[in-house]
**Q** 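Structure provided below as structure tokens; questions to follow.
Counting convention: from 1, in listed order, for ligands and their atoms alike.
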Amino acid sequence: MRFDVTILGSSSATPIYNRNPTAQALNINERFYLIDCGEGTQQQMLRFDIKSSRIDYIFISHLHGDHYLGLVGLLSSLHLNGRKKPITLFGPAHLKEIIDIQFKYSETTLHFDLEFVPINPLQSEVILDNQDVTVETIVLDHRIACTGFLFRQKRRLRKINKERVEALSVPVEYYSTLKRGVDYFATNGEVHPNSELTTAPEEPMAYAYCSDTLYNESYFEKIANVDLLYHEATFAHDMLERANQTHHTTAWQAGEVASLTGAKKLIIGHFSARYKTLNELLDEARSVFPNTELAIEGKTFVIGG
Ligand SMILES: [Zn+2]
Ligand SMILES: [Zn+2]
């Protein structure tokens with residue numbers, strides 16, 4: 001089952017040096033989950049061949065413009081392109097008002113259902129639970145209410161070993177029982193242990209998305225031991241005072257978060273316009289947590305890969 005994330009935007013605040021404001025597209029079993037939607041996200045999706053028609057869920061972390069100013073444009077295009085399939089949108093409660101007022105004065109009635117789910121910014125909650133994943137919010141510490149998102153794959157059923165079951169002529173009706181781990185009792189009285197007829201599914205993986213936030217241990221437990229952690233790293237550590245003032249994190253701190261929470265891999269992003277090149281930020285995070293990569297736009301990271 002596919003579980004990967006493509007970076008669409010990596011810039012904080014404003015677009016600069018060919019970097020776009022924050023957005024990411026998660027592919028989970030061939031369905032797209034869009035996380036944040038900064039200005040320019042539609043263009044980035046076209047550029048990196050992410051089909052906006054395949055987005056089923058959108059998650060907005062907070063109401064700073066660099067995380068959602070592309071949203072109404074995207075919804076508008078989906079409407080103009082004749083979308084009928086519903087979209088579920090998760091975000092701060094006031095986002096609904098912002099969208100409604102824009103469509104009110106353009107006299108637009110969307111052709112598809114936009115199901116809006118307001119996020120409680122004070123408490124972590126499971127906001128989505130479908131056949132592929134659960135999504136929980138992560139309460140972050142920013143200047144305005146802000147939540148991250150923790151995506152956890154569901155454990156899959158065991159996989160049938162076709163050769164073995166066919167050799168034993170196991171009736172097809174029995175397959176779903178085998179997938180759940182039950183042994184096979186043949187009509188001749190023989191018992192075939194499940195482990196001989198099936199193989200274990202892949203281990204479920206977890207992806208945590210943390211942007212924007214002050215370094216704060218309060219959310220560490222929630223993101224413990226994830227396979228891939230995206231964490232903002234707006235500044236280098238010599239700008240710690242500025243990071244604290246603006247409720248952002250330094251690259252060194254992002255490395256610390258990954259290390260202290262037992263992440264397997266770290267991606268840093270949300271880079272300040274101060275940094276034309278990003279080596280300084282990468283080197284700094286790697287000095288604490290070696291398995292760090294930059295959120296380069298267009299790059300796809302396999303979660304657990
Ligand atoms: Zn931001
Ligand atoms: Zn922000």
**Q** Side-chain contact, heavy-atom cut-off 4.5 Å: H270 with D66?
**A** yes

**Q** Could you tell me if the side chain of M1 sits less than 4.5 Å from the side chain of D132, heavy atoms only?
**A** yes

**Q** Give the ring-plane orientation class for H62 versus H67, where under 30° counts as parallel, over 60° as perpendicular and anything between as tilted.
**A** tilted

**Q** Would D212 count as a contact for the Zn ion (ligand 2), in the sense that one of its N, O or S atoms lies under 2.8 Å from it?
**A** yes

**Q** From the Zn ion (ligand 2) out to just under 2.8 Å, does an N/O/S atom of H64 turn up?
**A** yes

**Q** So, 2.8 Å as the limit: is an N/O/S atom of H62 located closer than that to the Zn ion (ligand 2)?
**A** yes

**Q** Is the closest side-chain heavy-atom distance between R2 and N29 below 4.5 Å?
**A** no

**Q** Give a rough value, rounded to 10 degrees, for the angle at the Zn ion (ligand 1) between atoms OD2 of D66 and NE2 of H67.
**A** 100°

**Q** Quick one: are L266 and V257 in side-chain contact, heavy atoms under 4.5 Å?
**A** no

**Q** Look at H142 and state whether any of its N, O or S atoms is less than 2.8 Å from the Zn ion (ligand 2).
**A** yes

